[in-house]
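One-based numbering, in listed order, for ligands and for the atoms of each.
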Amino acid sequence: MDFSGYFAQACEANGIIGAVERSGDFGRLHAMLVEFNRGVNLTAVTGEREAIIKHYADSLTALKYLPQRPDTLIDVGCGGGFPTLPLAIVRRDIAFTALDSTEKKLRFVDMAAKELSLGVKTLCARAEDAGRDPAHREAYGIVTARAVARLNVLCELCLPLARVGGVFIAMKGPSGLEEAREARIAAAALGGEISETAQFTLADPFGGEEMERVIIVIEKVRPTPEGYPRQYGRIAKKPL
Ligand code: SAM
């Protein structure tokens, strides 16, 4: 079976709608990832079927939590472009900003976005600095983060970037429900309110282990108070 066949199987097994039509773009993204990864270590996951599940399908599980209208999205700690690149391939109506503090990973995101004609800009910055910068503070309708920090810390990195009325979508593993309980106070202090916690398994139709996932949706209901985000050392040492 070729890449498109495997990709279609992964989408079907995980109820992912609207991506199969773009399987050619995902095939090109995968070829670029494998090639770039020879020079710069973006990920340990490069095998075709493993990457389809752990990078592309996993990123696409966030699709159904995105608002249906055109909007702006900032992906905090995007690394090699996850979930940004898979989401941008499917949602051409959203303007994406991929933020990370590591410039060499963003070079890949820039290159892939250009090759695939995606609406993705990159921003090399620390999230807590962007959250205090008037150009980015409360400027985005959607904030995403996958595999960046524990949720109480992540709330302080991400919620200041969401505008009131927007959402923060956190993509988590098995500890997600416990992290959501722990982060309620942090979310509220930063102007957020947890509106949904969805627990599901990421299915692997190729015989790998099923993986437990939790997506937490936090609505931005009030402006973030002036003193936040704090310096990273304080956020990490004394999470809200
Ligand atoms: N989201 C990607 C994924 O799921 O493959 C990358 C995950 S990687 C484990 C975490 C990334 O978050 C790293 O690329 C790191 O540079 C970035 N990061 C961590 N804290 C950050 C911060 N405060 N500001 C910006 N980037 C940050």
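From the protein, the heavy atom lying nearest to atom 21 (C) of ligand 1 is Arg126 NH2, 4.2 Å. Among all protein heavy atoms, the one lying closest to atom 10 (C) of ligand 1 is Ala147 O, 3.4 Å. Among protein heavy atoms, atom 19 (C) of ligand 1 sits closest to Val148 CG1, 3.8 Å. Of the protein's non-hydrogen atoms, Asp100 OD1, 2.7 Å is the one closest to atom 16 (O) of ligand 1. For atom 5 (O) of ligand 1, the closest non-hydrogen atom on the protein side is Arg146 NH2, 3.2 Å. The shortest contact between atom 12 (O) of ligand 1 and any protein heavy atom is with Gly77 CA, 3.4 Å. Closest to atom 27 (C) of ligand 1, if we only count protein heavy atoms, is Ser101 OG, 3.8 Å.
A heavy-atom distance below 4.5 Å is not found between the side chains of Tyr56 and Ile16. Between Val167 and Tyr65 the shortest side-chain heavy-atom distance does not fall below 4.5 Å.
The side chain of Leu99, and not its backbone, has at least one atom closer than 4.0 Å to an atom of ligand 1 (non-hydrogen atoms only; side chain from C-beta on).
Every atom of ligand 1 is numbered from 1 in the order shown, and the set under 4.0 Å from a heavy atom of Thr102 is 16 (O). Atom numbering of ligand 1 starts at 1 in the shown order; those under 4.0 Å from a heavy atom of Lys105 are 13 (C), 14 (O). Close approach to Ala127 involves these atoms of ligand 1, each under 4.0 Å from a residue heavy atom: 22 (C), 23 (N), 24 (N), 25 (C). The distance from ligand 1 to the heavy atoms of Gly79 drops below 4.0 Å at these ligand atoms: 6 (C), 14 (O).
The closest approach between any non-hydrogen atom of Gly80 and ligand 1 is not below 4.0 Å. Ligand 1 lies nowhere less than 4.0 angstrom from a heavy atom belonging to Ser59.
Salt-bridge annotation for Glu128 and Arg132: absent, with no side-chain N of the basic residue lying under 4.0 Å from a carboxylate O of the acidic one.
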